[in-house]
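What follows is a single structure, written as structure tokens, with notes after it.
The chain is numbered in sequence order, starting from 1.
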Amino acid sequence: MGFVHPLSASGDPDFSRVVPCQCRRQNLKKEKLIQLQRYSNLGTLSRLTFDNLLPEGRRDSTVPEANFTQALAIARDFADKPKGWLVLVGANGCGKTHLACAIANRSIDLGLPALYIGASDLLDHLRSAFSPDSELTYDELFEQVKNTPLLILDDLTNAATTTWAKNKLEQLLDHRFNACLPTVITTNVAVEEFDDNLGGHLADPELCQVCSLKGKTSLAKQLGNLDLELLKKMTFNNFDYKRLNLLSQERQNLEQSFNLARSFAESPQGWLVFLGTNGCGKTHLAVAIANHLRNEGRSALFVVVPDLLDHLRSAFSPDSRVSYDDLFEKVKKTQVLILDDFGEHAATPWAQEKLYQLINYRYNARLATVVTTCLSLDEIESRISSRMIDPSLSLVFNIVAPDYRGDTKVNREPRPSQRYSRRGRSS
């Protein structure tokens, strides 16, 4: 039937009222759930719930377990009683989006509406709403987001590319702040890095609760894609110092370089400088040292010098997430530093000065360092090369093997073998 007459206080049917029967109530509940899920805009993110979230966080996350567990407890409490703003701050992959979506899904399970949208997607939708073909007008869309009972705004940044975009985000959040509407914000930007208007809202202790999921970010990750992701296959086990068509003295020289690199990896002390042409194997050996140390749980930072200089330049940008001084200090003081492709790109006085400061600091601090370069010692700035050949600290070795891509060539003329001792003299 769908509807029944409830019983009165005396136990007789009350024919003046009708209520849904149990089957009808279940159907209505399902229909409402479908409507709430459609309204939420979660899509495939509806799979992200508290039930399938690891209480200790992802195993590959840099966020400490205790930190994530605390954030999870805060998110659960907010989901049960949404009040004020919850701001989840952390790097990509730390779990903040999962927590935010779990809050939205919990709200839907309780029969309450929640709307999820990414900050950049919101701006794109608002722009497209100006189109005459749009099914939803700009005003309707903006009002819906502004006044939704629970808003999940994912991936908010302070890098709005236009004044219009910045103003739209400010209008949205100003409205929700003044109306005290429950809001969850995820961001990888520290609250203090936002401008005064938005930063003031996020830091307001009466309305906002800021939950930091920031863990220890490795220096390699701060520098970008320089943490051997593409170089993990370069190890001592697959370094071929018996290459085809090498002359006898070249094969012997390459084997010597292999033994020097392996000895350094087993006990990283002093400096090891590899000279040689492109493709001779010096980068493979340098990466093998880094991989060996990492596999043993020891710290090693591998950087390509031109990329390092680019990162230092970009650190001057106001949008940089790491300060120039902080980045440079960490590179200077890292336990074992491997500088690949040194010197060839130091074309400006600024770059030359940065490299000198880096080399001079590690020289005075006697920090373990590996350098590879295509330049000869005479081509490197004298105040740097003089430190590289200091016999009390450094061993310089010239790899005379040719580019491995020339191994198919035959009848090559013998090359003079050069080996630099700790005094920097050839032998």
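- Formation of a donor-acceptor pair under 3.5 Å by the R362 side chain with backbone atoms of T334 is found in this model.
- S263 and E266 share no side-chain donor-acceptor pair at under 3.5 Å.
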Given V287 and F302, is the side-chain contact (heavy atoms from CB on, under 4.5 Å) satisfied, shown in steps? CA-CA 7 Å; V287 176; F302 174 91; 3.5 Å; yes
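- A distance-only check finds a donor-acceptor pair linking the side chain of K282 to the backbone of G276 [under 3.5 Å].
- Side chains of T97 and D154: a donor-acceptor N/O pair is present below 3.5 angstrom, by distance only.
- V396 has its side chain within reach of S394: a pair of non-hydrogen atoms, C-beta onward, lies under 4.5 Å apart.
- By the 4.5 Å heavy-atom criterion applied to side chains, R366 and Q269 are not counted as neighbours.
- Ion pairing of R383 with E353 is present here, as a side-chain N (NZ or NE/NH1/NH2) and a carboxylate O approach within less than 4.0 Å.
- Residues L156 and V189 approach most closely at O-CG2, 4.5 Å, considering heavy atoms.
- Classification of the F258-F239 ring pair by plane angle, with boundaries at 30° and 60°, yields parallel.
- Checking side-chain atoms of R47 against main-chain N and O of T44 turns up a donor-acceptor pair under 3.5 Å.
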Check step by step if side-chain hydrogen bond (donor to acceptor under 3.5 Å, both in side chains) holds for S40 and Q37. CA-CA 5 Å; S40 72; Q37 287 175 337; over 6 Å; no
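- Rounding to the nearest 0.5 Å places CE of M388 at 13.0 Å from CG of L395.
- Although no hydrogens or angles enter the test, the distance criterion places no donor-acceptor pair under 3.5 Å between the side chain of H201 and the main chain of F177.
- Across every non-hydrogen atom of L110 and A79, the tightest pair is CD1-O, 4.0 Å.
- The minimum heavy-atom distance linking S257 with F274 is given by the pair O-CZ, 3.6 Å.
- Heavy atoms only, all atoms of each residue included: Y39 and A114 are closest at CD2-O, 3.7 Å.
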V145 vs H125, test: side-chain contact (heavy atoms from CB on, under 4.5 Å). Steps then yes/no. CA-CA 11 Å; V145 178; H125 285 307; over 6 Å; no
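- Distance alone, capped at 3.5 Å, places no donor-acceptor pair between the H292 side chain and the F236 backbone.
- Between Y356 and R387, the closest heavy-atom pair is OH-NH2, 3.5 Å.
- Note: L153 CG to T187 OG1 = 9.5 Å, rounded to the nearest 0.5 Å.
- Judged by the 6.0 Å distance and 45° axis criteria, K330 is not positioned over the aromatic ring of F328.
- Taking the side chain as every heavy atom from C-beta outward, T373 and I380 approach each other to under 4.5 Å.
- A salt bridge links R127 with D124: the distance from a Lys NZ or Arg NE/NH1/NH2 to an Asp or Glu carboxylate oxygen falls below 4.0 Å.
- Here the side chains of L126 and L141 are in contact, with some heavy-atom distance below 4.5 Å.
- Shown here are the salt bridge (Lys or Arg N to Asp or Glu O under 4.0 Å) partners of D80, two or more places apart in sequence or in another chain: R106.
- Using a 4.5 Å cut-off on side-chain heavy atoms (C-beta onward), L355 and V305 make contact.
- Considering only heavy atoms from C-beta on, F342 stays 4.5 Å or farther from T372 through its side chain.
- Looking at D340, its side chain never comes within 3.5 Å of a backbone N or O of V303 through a donor-acceptor pair.
- A donor-acceptor pair is defined here as one N or O able to donate and one able to accept, closer than 3.5 Å; no such pair exists between the side chain of T183 and the backbone of W85.
- Put simply, the residue from T277, L275, L285 that forms a side chain to side chain contact (heavy atoms under 4.5 Å, CB included) with I399 is L285.
- Between Y363 and W271, the ring planes lie perpendicular to each other; the angle is over 60°, past the 30° to 60° tilted range.
- Annotation: the span from L88 atom CG to F78 atom CZ amounts to 9.0 Å, rounded to 0.5 Å.
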Could you walk me through whether N278 and C374 pass the side-chain contact (heavy atoms from CB on, under 4.5 Å) test, one step at a time? CA-CA 7 Å; N278 290 325; C374 294; 2.8 Å; yes
Taking it one step at a time, do H284 and N238 satisfy side-chain contact (heavy atoms from CB on, under 4.5 Å)? CA-CA 9 Å; H284 189 138; N238 59 23; 3.0 Å; yes
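- Checking side-chain atoms of N360 against main-chain N and O of Q357 turns up no donor-acceptor pair under 3.5 Å.
- Nearest approach of L309 to K354, heavy atoms of both residues: CD2-CB, 4.3 Å.
- Within the 4.5 Å cutoff, no side-chain heavy atoms of L293 are placed close to those of N291.
- Under the 3.5 Å distance criterion, the side-chain polar atoms of R298 are left unmatched by any main-chain donor or acceptor of P268.
- With rounding to the nearest 0.5 Å, the separation of SG in C180 from CD in E206 is 9.5 Å.
- Without hydrogens or angle criteria, N188 side chain to D155 main chain gives no donor-acceptor distance under 3.5 Å.
- The side-chain heavy atoms of L254 and L246, taken from C-beta on, include a pair separated by under 4.5 Å.
- Taken to the nearest 0.5 Å, the CG atom of L207 stands 11.0 Å off from the CG atom of L86.
- Note that CD1 of I103 and CG of L150 are 7.5 Å apart. Values are rounded to the nearest 0.5 Å.
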